[in-house]
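Scroll down for the structure; my scribbles are underneath it.
We count residues from 1, following the sequence as given. Basis for what follows: all heavy atoms, side chains included, without hydrogens, waters or symmetry-related copies.
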Amino acid sequence: MASNSNQHQVKAKKHLGQHFLKDENIARKIGDTLTLSGYKKILEIGPGMGVLTKYLLEKDVETYVIEIDTESVEYLQVNYLNLAPRIIERDFLKFDLTKVFNEDPFAITGNFPYNISTQIVFKTLEMRNQIPEFTGMFQKEVAQRICSKEGSKVYGILSVLTQAFYDAEYLFTVPPSVFNPPPKVDSGVLRLTRKEDYTLPCDEKLFFKVVKQGFQQRRKTLRNSLKTFNLSDNLKANSIFGKRPEQLNVQEFIELTALIENDI
């Protein structure tokens, strides 16, 4: 367990987007969002002073943490001696995680820095073969966007790409007052559970391209926003092209990609 005697040592750094969680109940609650099913290892991103880490260490899995802030790393090394060999002092977005996990499955969790949270999700999608579960805290509107369904104003690229491979659940909202310093907005905690079949029945690179291109001009119909694909008039006559991107669910985006793939 950690001693809290050095709690004052790590100052939150604005350029790292740090907001330290100080509420033990919420930390425990985030730790409990993990089902521990399908993996024996967890990676916590941005542990700071370990408020969530200590609850992860109580679980019957091997906990690793990745932290870019030297001051936080030093704090963890002193206060969590049993964790020390599994502290990775690197930038999650740039580090090759197979150096630590090889091909083993692992879950990801954390109180994510707002400024890189969407990039964390995109890297998770790239590594989906190894990540059966992902939970954590985002800015509330980002968490809602990831979990939103078609027809919603916030439904977009992040929603479709994530939900193509994972089932997304918005779990609970966290107020600014439980952080030091408090952020200006609410936070939201979500869980992503990888689908049993997470391969797509279409070209995956093309799928990403179609989704991104479609939402870049979200007010236009797909007939207009996907012009750069040089589709045949015959295909463009299909009624799906008369819709706007937020009207399509994930399955329809997969079907749309398959249509375009056969047309190109």
Side-chain angles (χ1 to χ4, degrees), residues 33 38 43 45 92-94 96-97 105-110 112-171 188-222 224-229 231 240-241 243-262 264:
T33 59
L43 177 65
I45 299 172
F92 170 79
L93 297 177
K94 295 176 184 164
D96 176 5
L97 290 165
F106 61 96
I108 285 179
T109 192
F112 305 124
Y114 287 165
N115 53 351
I116 61 162
S117 61
T118 52
Q119 291 158 278
I120 288 172
V121 175
F122 282 125
K123 179 158 179 179
T124 299
L125 296 182
E126 281 169 27
M127 294 195 70
R128 58 189 176 271
N129 290 346
Q130 274 183 270
I131 304 174
E133 188 169 67
F134 174 108
T135 74
M137 181 147 53
F138 292 79
Q139 188 171 331
K140 183 183 177 183
E141 63 175 42
V142 176
Q144 287 176 323
R145 188 180 311 147
I146 292 168
C147 300
S148 67
K149 297 292 181 201
E150 72 277 7
S152 154
K153 278 185 183 144
V154 295
Y155 180 72
I157 295 170
L158 202 55
S159 332
V160 176
L161 297 183
T162 305
Q163 292 174 42
F165 307 105
Y166 289 87
D167 293 319
E169 304 166 78
Y170 185 93
L171 300 176
V189 174
L190 59 71
R191 176 168 51 230
L192 305 179
T193 309
R194 193 177 59 196
K195 295 184 173 181
E196 271 186 43
D197 181 7
Y198 56 95
T199 53
L200 300 184
C202 64
D203 181 306
E204 288 183 0
K205 278 195 173 129
L206 184 61
F207 174 75
F208 274 69
K209 238 171 146 175
V210 167
V211 173
K212 286 177 177 173
Q213 186 74 33
F215 278 105
Q216 263 166 7
Q217 299 170 297
R218 63 181 297 140
R219 297 227 164 93
K220 293 189 173 180
T221 63
L222 292 162
N224 287 320
S225 59
L226 300 180
K227 264 183 181 158
T228 51
F229 287 96
L231 305 171
I240 199 167
F241 286 93
K243 293 184 172 184
R244 293 195 310 280
E246 74 261 23
Q247 294 175 289
L248 267 60
N249 63 28
V250 172
Q251 187 52 41
E252 288 170 315
F253 265 110
I254 291 169
E255 288 162 12
L256 173 66
T257 304
L259 287 171
I260 291 172
E261 198 178 338
N262 294 329
I264 290 173

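- Between atom CZ of residue R191 and atom CG of residue L171 there is a gap of 5.0 Å, rounded to the nearest 0.5 Å.
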Would you sort out whether F122 and L158 count as a side chain to side chain contact (heavy atoms under 4.5 Å, CB included), showing the intermediate values?
-> CA-CA 8 Å; F122 282 125; L158 202 55; 3.7 Å; yes
With side chain to side chain contact (heavy atoms under 4.5 Å, CB included) as the test, would you mind laying out the steps for L190 and F134 before giving the verdict?
-> CA-CA 8 Å; L190 59 71; F134 174 108; 4.1 Å; yes
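- Within the 4.5 Å cutoff, no side-chain heavy atoms of F112 are placed close to those of V121.
- Atom CD of Q251 sits about 9.5 Å away from atom CG of L200, to the nearest 0.5 Å.
- The backbone N or O of I240 sits nowhere less than 3.5 Å from a side-chain atom of Q247 that would complete a donor-acceptor pair.
- At a threshold of 4.5 Å between non-hydrogen side-chain atoms, the residues V189 and T135 do not count as touching.
- At distances below 3.5 Å, at least one donor-acceptor pair connects side-chain atoms of K195 with backbone N or O atoms of Q163.
- Nearest heavy-atom pair, G214 versus P245, reported as atom, atom and distance to 0.1 Å: O-CG, 3.3 Å.
- The shortest side-chain heavy-atom distance between Y170 and I146 does not fall under the 4.5 Å cut-off.
- Note that the CD1 atom of I116 and the CZ atom of F92 stand 8.0 Å from one another [nearest 0.5 Å].
- Partners of D96 by side chain to side chain contact (heavy atoms under 4.5 Å, CB included), not counting sequence neighbours, listed by chain and number: T98, K99.
- Applying the side chain to side chain contact (heavy atoms under 4.5 Å, CB included) rule to Q139 yields the partners Y114, E141, V142, V185; only residues at least two apart in sequence or on another chain are considered.
- Residues satisfying the side chain to side chain contact (heavy atoms under 4.5 Å, CB included) test with I260, not counting sequence neighbours, are L206, V210, L226, F229, L231, L235, F241, L256, I264.
- For E150, the salt bridge (Lys or Arg N to Asp or Glu O under 4.0 Å) test picks out no residue, with sequence neighbours left out.
- Nearest heavy-atom pair across L248 and Y155 is O-OH, 2.6 Å.
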Checking side chain to side chain contact (heavy atoms under 4.5 Å, CB included) for the pair E169/T193: CA distance, chi angles, key distance, verdict?
-> CA-CA 8 Å; E169 304 166 78; T193 309; 4.1 Å; yes
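- Taking the six-membered ring for Trp and the full ring otherwise, the centers of F215 and F253 sit less than 6.0 Å from each other.
- The distance from atom NZ of K153 to atom CD of Q144, rounded to the nearest 0.5 Å, is 13.0 Å.
- Within the structure, side-chain hydrogen bond (donor to acceptor under 3.5 Å, both in side chains) pairs that include any residue of residues 203-219 comprise R128-E204 (at least two apart or interchain).
- Of all heavy-atom pairs between Q119 and N115, the closest is OE1-O, 3.6 Å.
- Partners of N262 according to the side chain to side chain donor-acceptor pair (under 3.5 Å) rule, which considers only residues two or more places apart in sequence or in another chain, do not exist here.
- Expressed to the nearest 0.5 Å, how far CG of L125 lies from CG of L192 amounts to 8.0 Å.
- Counting heavy atoms from C-beta on, the side chains of Y166 and I131 come closer than 4.5 Å.
- Taking all atoms of both residues into account, the shortest heavy-atom contact from P105 to P132 is CB-CD, 4.2 Å.
- Q130 places no side-chain N or O within 3.5 Å of a backbone atom of M127 that could act as its donor or acceptor partner.
- Across G156 and S159, no two heavy atoms sit closer than the pair N-OG, 2.8 Å.
- Residues R244 and K220 approach most closely at CG-O, 3.6 Å, considering heavy atoms.
- Side-chain atoms of R194 come within 3.5 Å of backbone N or O of N129 as a donor-acceptor pair.
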